[in-house]
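Here the structure comes first, spelled out in structure tokens, and everything after it is commentary.
Residues take their numbers from the sequence shown, with the count starting at 1.
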Amino acid sequence: MTDGESGEPGESGVEPVIVERGEQLYAFVHGSVRMDAFGVLADRLGELISWLTAHGVALAGAPFFRFNTVDLAGESDVEAGIPVVSRPEPEGDIRIGALPSGRYATVVFTGHPDRLSGVAAALREWAAGEGLEWDMTETGGVERWGCRLESYRTDPRVEPDPGKREIELAFRLAD
């Protein structure tokens with residue numbers, strides 16, 4: 001990287017790792033969004049956290065985006081979610097699901113979210129070099145993922161500078 005920030009795979013000791021994850025219950029809102037209008041869905045995370053808190057549901061981790069499909073030329077099918085300890089009753093457009101168990105290639109990145117596409121590309125290159133296959137199919141330029149996550153591990157109320165926030169990418173590997 002040229003701007004002095006660290007966090008891309010292979011730089012400053014930050015390397016992708018493969019982790020085994022168990023199934024994780026989560027609450028989410030769903031949207032079909034273009035990447036240039038992603039804020040419409042991202043802005044719903046605060047609403048989701050407030051709803052969970054108001055219903056007495058304990059959070060079990062960082063907020064995330066789950067990319068069911070990725071279509072850089074069109075709309076992607078995305079969920080804005082929060083891991084939860086217990087299963088709340090769905091209400092309105094708030095749904096409940098479970099992230100699948102399995103092996104995930106992960107990397108933790110510190111920096112502005114605008115740089116995530118480069119980090120994701122580097123993670124994919126690393127996996128290809130390791131001979132790993134994704135839990136993903138591609139048809140007509142649209143990727144369908146078994147589970148592709150972007151988790152925002154830094155609370156923006158604690159760290160207002162987006163360039164200093166920690167984000168984890170976790171892409172499920174094929175069995």
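- Under a cut-off of 6.0 angstrom, the local environment of CZ in R21 is crowded, with over 12 non-hydrogen atoms contributed by other residues, nucleotides or ligands.
- Here the side chains of V107 and W126 are not in contact, with every heavy-atom distance at 4.5 Å or above.
- A donor-acceptor contact shorter than 3.5 Å is absent between the side chain of T110 and the backbone of E166.
- For the pair T69/E75, no side-chain contact is recorded, criterion being any heavy-atom separation below 4.5 Å from C-beta on.
- Taking 4.5 Å as the limit, every side-chain heavy atom of V57 sits out of range of all side-chain heavy atoms of I82.
- For Y152 and F65, the ring centers are positioned less than 6.0 Å apart.
- Side-chain contact check for I94 versus V29: some heavy-atom pair is nearer than 4.5 Å.
- Atoms CE and CZ, from M136 and R144 in turn, are 12.0 Å apart once rounded to the nearest 0.5 Å.
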Before you tell me yes or no, could you show the steps for F109 and L116 under side-chain contact (heavy atoms from CB on, under 4.5 Å), namely the whole-Å CA-CA distance, both residues' side-chain angles and the distance that decides it to 0.1 Å? CA-CA 8 Å; F109 162 73; L116 280 173; 3.7 Å; yes
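- When all heavy atoms of A80 and L45 are compared, the closest pair comes out as CB-CD2, 3.8 Å.
- The structure places CG of D161 at 8.0 Å from NE2 of H112, a figure rounded to the nearest 0.5 Å.
- Taken together through direct or relayed side-chain contacts under 4.5 Å among Ile, Leu, Val, Met, Phe, Trp and Tyr, L41 and L149 form parts of separate hydrophobic clusters.
- Residues V84 and W51 are members of one and the same hydrophobic cluster, defined by side-chain heavy-atom contacts under 4.5 angstrom among Ile, Leu, Val, Met, Phe, Trp and Tyr.
- At a threshold of 4.0 Å, the pair R148-E143 counts as salt-bridged, since one of the basic side-chain nitrogens sits closer than that to a carboxylate oxygen.
- Atom OG1 of T106 is separated from atom CD of E15 by 11.5 Å, given to the nearest 0.5 angstrom.
- The line from OH of Y104 to CD of E168 is 10.5 Å long, rounded to the nearest 0.5 Å.
- At a threshold of 4.5 Å between non-hydrogen side-chain atoms, the residues V108 and R153 count as touching.
- Summarising the geometry of I96 relative to F28, their closest heavy-atom pair is C-CE2, 3.7 Å, with the distance given to 0.1 Å.
- Side-chain contact between H55 and E91: present, with at least one pair of heavy atoms (C-beta onward) separated by less than 4.5 Å.
- I18 and L123 fall within the same hydrophobic cluster, where Ile, Leu, Val, Met, Phe, Trp and Tyr residues are linked whenever their side-chain heavy atoms come under 4.5 Å apart, directly or through other members.
- F171 pairs by the ring pair (Phe, Tyr, Trp, His ring centres under 6.0 Å) definition with W134, W145, not counting sequence neighbours.
- Looking at D175 and D135, their side chains never come closer than 4.5 Å, going by heavy atoms from C-beta outward.
- Follow the hydrophobic side-chain contacts under 4.5 Å out from I167 and you reach F67 in the same cluster.
- With rounding to the nearest 0.5 angstrom, the OG1 atom of T53 is 7.0 Å from the CD1 atom of I49.
- Residues L59 and V85 share a closest heavy-atom pair of O-CG2, 4.0 Å.
- Hydrophobic cluster membership differs between V142 and V78, with clusters built from Ile, Leu, Val, Met, Phe, Trp and Tyr side chains linked at under 4.5 angstrom.
- Nearest heavy-atom pair across M35 and S76 is CE-OG, 3.1 Å.
- Smallest separation of non-hydrogen atoms from S86 and L25: C-CD2, 3.5 Å.
- Residues D93 and H30 have side chains not in contact (no heavy-atom distance under 4.5 Å, counting atoms from C-beta outward).
- Across every non-hydrogen atom of R165 and E159, the tightest pair is NE-O, 2.8 Å.
- Going from atom CG of D36 over to atom CG of L72 covers 11.0 Å, rounded to the nearest 0.5 Å.
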